[in-house]
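Every heavy atom of this structure was used, including side-chain atoms; hydrogens, water molecules and symmetry mates were not.
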Amino acid sequence: MAKIKVIHDTIGETLTIYFHEPSENHICEELGNGSLLIKDENTGETVGFEQLNYKPKEPHRLIIESESFSERGD
């Protein structure tokens, strides 16, 4: 089962989501509106996403919902 890592930095006001464990050699690609795509520098694989200036409406409550899909139809 894949693990998703979610980091909410309340001081830096960022929300970072990793789909795969990040390597030491990663690069960020700016998407606009304070959104960054985090990629493995060696393979180009997307390993995560970061949203800058993230402030939830309720600062002490962050709800994560997930749904898993398979391209094979499993």
Using a cut-off of 6.0 Å, state whether more than 12 heavy atoms not belonging to N25 lie near its atom CG.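 Atom CG in N25 is crowded, with more than 12 foreign heavy atoms closer than 6.0 Å.
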
Reported [atom1]-to-[atom2] distance for the pair [X] and [Y], which is rounded to 0.5 angstrom:
| X | Y | atom1 | atom2 | result |
| --- | --- | --- | --- | --- |
| Y18 | F49 | OH | CZ | 12.5 Å |
| N53 | Q51 | CG | CD | 7.5 Å |
| L31 | E50 | CG | CD | 11.5 Å |
| H26 | T43 | NE2 | OG1 | 12.5 Å |

Within a strict 4.5 Å, meaning less than it, do heavy atoms of the [X] and [Y] side chains meet?
| X | Y | answer |
| --- | --- | --- |
| T46 | I38 | no |
| S35 | E30 | no |
| K55 | E13 | yes |

If you measure from the Lys or Arg side-chain nitrogens to the Asp or Glu carboxylate oxygens, is any gap between E45 and K39 under 4.0 Å?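 Salt bridge between E45 and K39, a charged N being under 4.0 Å from a carboxylate O: no.
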
Partners passing salt bridge (charged side-chain N to carboxylate O under 4.0 Å, His left out) against E24 (at least two apart in sequence or in another chain):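 For E24, no residue satisfies salt bridge (charged side-chain N to carboxylate O under 4.0 Å, His left out) once neighbours in sequence are set aside.
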
So if I apply the side chain to side chain contact (heavy atoms under 4.5 Å, CB included) rule between L52 and each of L15, L36, N33, which one comes out positive?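 Answer after filtering L15, L36, N33: L36.
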
Does I27 share a hydrophobic cluster with L37, counting links as ILVMFWY side-chain heavy atoms below 4.5 Å and allowing steps through other members?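 No: no chain of side-chain contacts under 4.5 Å links I27 to L37.
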
